[in-house]
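Step one of this worksheet: look at the structure below.
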Amino acid sequence: MTHTPAPSEAGATYRPPLVLRALTAVSVGFGVVAAFMILAAVLVTCHMIFVRSVLGQSTIWQTEAVIYLVIGATLLGLAYVQKLRGHVGVDLLPGLLPVPARRVLAVIVTALTIAMAATMLWYGWEMFHLAWERNWTSESVWKFPLWISYLAMPLGFGLYLMQLLVDLWIAAFAPPGALPEVHPERSLD
Amino acid sequence: ETLKLSHQWSEGDVRHKVAQMVADEVKAADVDLDIQIYPNQTLFKAREQYTPLSRGQLDMTIFPLSYAGGQQPAYNLTLMPGLVKNHDHAARLSASPFMEDIEEIMAGDDVKTLVHGYLAGGFGSNKGCITGPEDVQGVTIRAAGSSFEQMLAGAGASISSMASSEIYSALQTGVLDATNTSSESFLSYRLYEQLKCYTPAGDTALWFMYQPLLINKTTFDNLTPEQQQALTDASAKAEAWYLEQAKEGDAVTTKAFADAGVEIAEMTQEDFDAWRELAKTTSYPAFVEEVPNGQELLDAALSVE
Amino acid sequence: MDPLVIGGIVALVTVIVLFSGVSVAIGLLLVATLFLWIFDGPRSLTALPELFYAELNSFALLSIPMFIIMGASIASTRAGPDLYEALERWLTRVPGGLLVSNLGACALFAAMSGSSPATCAAIGKMGIPEMRRRGYPAEVAAGSIAAGGTLGILIPPSVTMIVYGIATETSIGRLFLAGVIPGLLLTLLFIAWAIFDTWRRGAASSVLSGVTYSWREKFEMLPRVIPFLLIIVGVLVALYGGVATPSETAAVGAMLCLLAAVLIYRMFSYRDFWVVLRDSTRESVMILFIIGAAGVFSFMLSSLFVTQSVAQWIGALEVNRWVLMGIINLFLLVAGFFLPPVAVILMSAPILLPIITAAGFDPYWFAVILTINMEIGLITPPVGLNLYVINGIAPDIRLKQVLLGSLPFVGCMILAIVILCLFPGLATWLPTAVMGVAL
Ligand code: NA
Ligand code: NA
């Protein structure tokens with residue numbers, strides 16, 4: 001919540017290497033998927049209300065589907081929101097630091113975040129694999145295969161990890177003006 | 001040594017008291033074993049307890065076994081319409097070869113039963129009284145358990161799935177016409193404030209759910225013989241008390257509904273038979289189709305007198 | 001080790017980790033993982049993704065993205081500015097009319113949105129530039145919007161009330177009703193302060209009375225607020241007319257707002273539509289990520305018996321019930337400084353509720369008290385979501401000015417808590433009148 005100078009000219013025009021831009025494009029792609037999953041959740045809920053109150057028919061799968069859609073959207077959207085700098089944090093200390101110290105702190109914080117995402121990816125894969133191997137389903141009449149929903153865990157944290165590596169590179173090597181901003185409104189695009 | 005026991009109910013609930021009883025008895029046995037109870041889903045969420053239990057991250061739980069029906073479809077038999085007639089029949093079922101089959105499946109997941117127990121439930125409705133299958137025609141109902149949903153759908157009801165915490169307001173605003181759940185839930189959600197007619201679990205009841213006290217098998221096997229003995233003794237005592245309380249629970253709920261001025265309906269033997277015939281063409285075939293040795297298991301359960 | 005000591009260490013480590021600038025969600029996950037590793041052993045880490053997933057595996061939580069879509073789609077159309085313009089034309093004769101109309105717009109928007117940052121963003125985007133253009137000091141403009149936005153979670157529908165309802169198994173419909181009168185009370189207190197403050201300043205009010213509107217100008221604005229009113233009516237009908245449950249209502253609202261945006265406000269371009277979706281996704285993912293992480297964090301606190309021990313400690317305090325209420329308020333206020341409302345509620349409400357009810361307080365009344373505490377937390381650093389929103393809208397207003405401007409409104413909130421303590425009926429009367437005696 002402190003004021004850092006707006007990205008300098010050097011920062012605003014800075015373009016990371018192609019590989020990093022390609023990885024970022026993948027994050028954006030999944031971000032679009034996440035956005036439409038949330039929209040689909042709205043539509044499915046409205047469909048459920050319509051079927052139940054107007055048609056007077058059974059609504060078996062909708063509640064579950066909405067849950068899977070929104071959990072999926074949350075996980076698949078992690079990387080995109082990271083790219084938009086949308087994950088809020090307390091940026092009091094980073095804002096007070098001079099640029100070199102801020103760079104060191106940004107590297108440490110990003111590295112810690114990477115370690116956490118890797119942990120979630122590792123155990124998330126186990127969770128998915130168990131459900132897939134043993135053919136677990138939801139306990140409702142719909143019997144939705146849980147591995148589909150659980151897959152979002154390793155996939156989402158994997159994408160997040162990838163985007164974090166991009167950010168780590170930027171935090172370590174990019175010019176000061178291109179350092180990650182906490183406020184999404186001021187992200188570079 | 002301390003064992004962690006998790007469950008989803010409040011501290012006033014009979015199932016918490018069963019857990020507390022086992023914990024107290026084991027402590028009194030003075031075998032260096034403590035049971036730490038986490039009620040109210042303060043450790044794991046209601047439906048998410050089976051996996052940590054089978055992995056040994058959780059030591060004990062009181063758990064409606066059918067919640068794990070997505071992992072072991074055979075467990076769906078522990079919440080199957082018309083399989084259990086009354087509490088004494090439920091107790092005989094718990095001691096039958098059928099339950100041994102179920103326990104064998106549980107052993108495969110490293111889970112062991114300490115206390116057997118069934119709880120009963122009934123129907124509540126704002127569109128007449130629900131006793132037989134013809135009463136749910138065109139009724140929007142929220143049922144507990146997929147086998148019940150299949151049977152009720154077969155009777156022409158429209159099934160609405162929603163979280164149990166939303167039943168109250170859904171009944172109030174008219175989103176739901178009726179619901180079917182345990183006597184304990186009817187009481188704890190205060191549904192008597194919203195329902196016009198209640199069909200309790202009486203001499204014959206349709207809805208019975210197996211809710212045992214479980215322990216991780218490896219955890220149990222690693223206890224000393226004295227600790228195992230203390231746990232087994234405490235469990236036997238608790239099981240007898242659980243059965244008694246299950247019977248009383250139905251009466252307590254019925255009284256609360258009657259006191260609130262709710263009409264009380266009764267399910268007759270003919271009604272029960274009609275439901276069971278319906279289940280034979282809906283829930284039972286669905287179950288048999290899903291579980292490899294489903295027919296054997298079903299026959300084993302139905303053969304218990 | 002004594003759970004209270006562990007709790008103290010956890011609190012300290014959490015503060016240090018969060019102040020490093022790491023995102024709130026990752027910070028909570030890191031602290032939870034560290035302490036589970038140390039005290040429960042590495043085996044407990046296998047449960048991390050399941051705990052995270054289980055926390056999000058709830059239909060009621062999923063109304064959060066839908067409420068956010070409501071706010072984002074309204075904010076992107078003329079609906080907001082129209083409403084605001086109408087209020088302004090009708091309120092010019094009131095001292096601080098613009099302030100009053102902004103606060104009124106916040107209250108009205110709060111009746112449709114369940115999220116404070118969404119309310120703050122929607123009204124702030126037009127309100128803050130407008131107020132500054134007409135000579136209001138920056139801190140007054142920013143502070144009033146930051147505070148007005150907090151009404152989003154007190155006036156129903158409300159995301160935090162939903163979370164409270166799930167965490168404590170209380171009726172969400174009843175919680176919504178409990179928030180209505182206190183929400184109006186708080187709006188009135190805010191407005192009263194705004195009028196008093198403008199009158200006190202003297203000069204500012206003369207700037208404002210320069211603009212006057214004819215009756216014709218006043219009436220011609222009314223048809224333009226009709227879509228807005230229709231959406232409110234639609235949501236309320238769905239909620240109370242037996243069409244949808246409280247959590248489903250959010251989808252009805254989101255749908256109505258999107259339809260209004262496209263059909264009435266002619267939002268035909270894919271780009272505009274994408275901006276609504278993108279902003280909603282960004283905010284939803286951010287909030288749900290924190291919720292999932294807070295679930296893991298509270299599992300850690302529960303597993304180490306920290307929360308239970310703190311609760312037992314508070315419960316064992318041999319104090320007057322009002323002293324107890326004071327301690328709990330202090331705890332909530334401090335927790336609110338560091339954590340977003342949803343996290344505080346998930347971690348503390350189930351523990352505090354039994355103590356509260358044992359002391360003879362009403363759980364629905366307490367939900368209102370807790371919500372007002374959380375509202376204060378939203379406009380105080382270091383974790384104050386509304387502050388971030390204001391900063392996004394008006395980056396040149398310094399944090400100090402925003403804080404200075406919102407301070408009197410914090411005073412209003414504390415006054416509201418005092419009033420509610422003196423007259424608990426303000427919160428409990430409506431739910432009882434509509435839904436009967438509480439559960
Ligand atoms: Na609201
Ligand atoms: Na705060």
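Values below: every heavy atom of this structure, side chains too, minus hydrogens, waters and symmetry copies. In what follows, every chain begins at residue 1, and chains take the letters A, B, ... in the order their sequences are listed.
Counting heavy-atom pairs closer than 4.5 Å to chain C, the top residue among A152(A), S149(A), P154(A) is S149(A). Most heavy-atom pairs under 4.5 Å with chain A, from the set I69(C), V252(C), L258(C), L56(C): that is L56(C). For the set L29(C), L48(C), V17(C), L45(C), the entry with the most heavy-atom pairs within less than 4.5 Å of chain A is L45(C). Of all the listed residues (M153(A), M116(A), E126(A)), the one sharing the greatest number of non-hydrogen pairs under 4.5 Å with chain C is M116(A).
No side-chain donor-acceptor contact under 3.5 Å links S53(A) to the backbone of V243(C).
Using a 4.5 Å cut-off between heavy atoms, A41(A) touches chain C through backbone and side chain atoms alike. Using a 4.5 Å cut-off between heavy atoms, I67(A) touches chain C through backbone and side chain atoms alike. Neither the backbone nor the side chain of F128(A) comes within contact range of chain C, judged by heavy atoms closer than 4.5 Å. Proximity to chain C is limited to the side chain of M48(A), based on heavy atoms less than 4.5 angstrom apart. Within the 4.5 angstrom heavy-atom criterion, no atom of V54(A) approaches chain C. Proximity to chain A (any heavy atom under 4.5 Å) is shown, for T46(C), by both the backbone and the side chain. Heavy atoms closer than 4.5 Å to chain C are found nowhere in L121(A), neither backbone nor side chain. Heavy atoms closer than 4.5 Å to chain C are found in the side chain of F157(A), but not in its backbone. Heavy atoms of T119(A) lying under 4.5 Å from chain C belong exclusively to its side chain.
W125(A) CH2: 12 or fewer foreign heavy atoms inside a 6.0 Å radius. The local environment of CH2 in W169(A) is crowded, with over 12 non-hydrogen atoms from other residues, nucleotides or ligands closer than 6.0 Å.
Ion pairing between a basic and an acidic side chain is recognised when a charged N comes within 4.0 Å of a carboxylate O; E248(C) and R52(A) show such pairing.
No hydrogens or angles considered: a donor-acceptor pair under 3.5 Å links the side chains of S140(A) and E64(A).
Between F30(A) and L76(A), the shortest heavy-atom distance links the atoms CB-O, 3.7 Å. F297(C) and T14(C) make their closest contact through CZ-OG1, 3.6 Å (heavy atoms, listed as atom of the first residue, atom of the second, distance).
Note that the CE atom of M66(C) and the OG atom of S280(C) stand 11.5 Å from one another [nearest 0.5 Å].
Centroid-to-centroid, the aromatic rings of F52(C) and Y123(A) stay 6.0 Å apart or farther.
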